There are 2 protein chains.
Amino acid sequence: MIKLSKMTDYAVVILADMAERQNAEKIEQTSATVIAQSTKLPEPTVSKVLKLLARQNIINSTRGAAGGYSLNKAPDQINMAHVITATDGPIALTACVDESTECCDRAQNCSIKGQWNPLNRAMISALENVSLSEMMRGTR
Amino acid sequence: MIKLSKMTDYAVVILADMAERQNAEKIEQTSATVIAQSTKLPEPTVSKVLKLLARQNIINSTRGAAGGYSLNKAPDQINMAHVITATDGPIALTACVDESTECCDRAQNCSIKGQWNPLNRAMISALENVSLSEMMRGTR
DNA sequence: CCAATTCGTACTCTTTTGGTACTATATAAG
DNA sequence: CTTATATAGTACCAAAAGAGTACGAATTGG
């Protein structure tokens, strides 16, 4: 079944938690420990996800004592394509797309070589059109 | 990385092969053996994929001697959402979606419960808008 | 009846994913 | 300057999913 990884699932929960906190408490930096307690997720996993998000500049990280993480954009400026790319890597619906050197070992027989791109573009744009704030609608 | 399974990849290649053959030779039934030779794919795998496609009524199967498979619809009536469902199972972007009983073991803490559905609908409709004949454009 | 062909199930091997642990690095406070 | 508190990076292991194969059952035409 086509499905997102749990990492992406966690990422959305974590981002939603951060967005709520920043909106409610005007706190700039939040540590991984606090987020883990708030979301009830295991801390090492939370830490891993936060690291991935920081690497893509979706969130900001500050080292040292009193450090932590903070959102880099408003929730409605964060789209799902970006989040998924951070946690799962590039969005490509088949192995043929990202390997420019050769389609596959049967390239000479592959009658649809390179024809996956329209499908990929359709999917990516569908994901880009969903923002974090839309995912948070209906939150208590 | 989000990606389709090889089964889906094979399915499209096989369907394209069948479509070309039916269009060129006016042959109704084609055996798994012939398709395997034509696509250069291993026969057991081809057989497996054909079975999956037949189960979803994308293609027709006829048993017995002189039996085989044939397309059930015109290539432009076969969309990718249907094919992917046949080979990979239901399209759902998170484990939360298909389990109606409970979201996950942290449901009480999950602030975005049920909010994946808009994303799923966007993806499915993107996949429905790509037909097999569109995938075959540019074929030699 | 016999040959050809699909159907269904089960099994094994490989790859990916999820989760954890450990060490290094950076920063603020005393 | 030292220490406490954070993040950063890497590596590792167990569990799950995926890919491929094999074998027997069922069906149909000659």
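In this text, all values refer to a predicted model and were calculated from it rather than measured experimentally. These numbers come from the heavy atoms of this one structure, side chains and all, not from hydrogens, waters or symmetry mates.
Within the structure, every side-chain polar atom (N or O) of A:Tyr10 is placed at least 4.0 Å from both OP1 and OP2 of C:dG18. Taking 4.0 angstrom as the limit, B:Ser61 places a side-chain polar atom (N or O) nearer than this to OP1 or OP2 of C:dC7. In terms of phosphate contacts, B:Tyr69 brings no side-chain nitrogen or oxygen within less than 4.0 Å of OP1 or OP2 of C:dT5.
Checking A:Gly64 against A:Met7, the closest nucleotide of DNA chain C that is more toward the 5' end is the one next to A:Met7. Map A:Ser47 and B:Ala66 each onto its nearest nucleotide of DNA chain D; the residue landing nearer the 5' end is A:Ser47.
Rounded to an integer number of Å, the gap from CG of B:Asn60 to C1' of D:dT28 is 15 Å. Rounded to whole Å, the distance from CG on B:Leu52 to P on C:dT9 is 12 Å. In this structure, CD of B:Glu43 is placed 12 Å from C1' of C:dA4, rounded to the nearest angstrom. Distance CD1 (B:Ile59) to C1' (C:dC7): 13 Å, rounded to an integer number of Å. Atom CG in B:Asp88 sits about 7 Å away from atom P in D:dA19, given to the nearest Å. Atom pair A:Leu4:CG and D:dA16:P shows a separation of 20 Å (rounding to whole Å applied). Remark: P of D:dT7 and CE of A:Met18 are 10 Å apart, rounded to the nearest angstrom.
You'll find that the side chain of B:Thr45 is closest to D:dT21, out of D:dA19, C:dC7, D:dT21. In this structure, of D:dT21, C:dG8, C:dG18, it is C:dG8 that holds the atom nearest to the side chain of B:Lys51. In this structure, the nucleotide among D:dT21, D:dG29, C:dC7 sitting nearest to the side chain of B:Ala65 is D:dG29. Residue A:Lys48 has its side chain nearest to C:dG19 when only C:dG19, D:dA6, C:dG18 are considered.
Under 3.5 Å, the side chains of B:Ser131 and B:Asn79 contain no donor-acceptor pair of N or O atoms. Of the N and O atoms on the side chains of A:Asn72 and A:Asn57, not one donor lies less than 3.5 Å from an acceptor on the other residue.
If you check every strand for non-hydrogen atoms under 4.0 Å, B:Lys6 touches sugar and phosphate atoms only. No engagement by A:Thr33 is indicated, since no non-hydrogen atom pair under 4.0 Å with the nucleic acid exists. Counting non-hydrogen atoms under 4.0 angstrom, A:Ala32 reaches the backbone sugars and phosphates but no base.
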Yes or no on side-chain contact (heavy atoms from CB on, under 4.5 Å) for B:Met80 and B:Val12, after CA distance, side-chain angles and deciding distance? CA-CA 9 Å; B:Met80 292 306 299; B:Val12 174; 3.6 Å; yes
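Checking A:Val130, A:Ile78, A:Leu127 one by one against A:Val83, the side-chain contact (heavy atoms from CB on, under 4.5 Å) holds for a single residue, A:Ile78.
Contact annotation: the side chain of A:Asp76 never approaches that of A:Leu132 to less than 4.5 Å [non-hydrogen atoms, C-beta and beyond].
At a cut-off of 3.5 angstrom, counting only N and O atoms as typed in the model, there is no donor on one side facing an acceptor on the other between the side-chain of B:Arg63 and the base of D:dT28.
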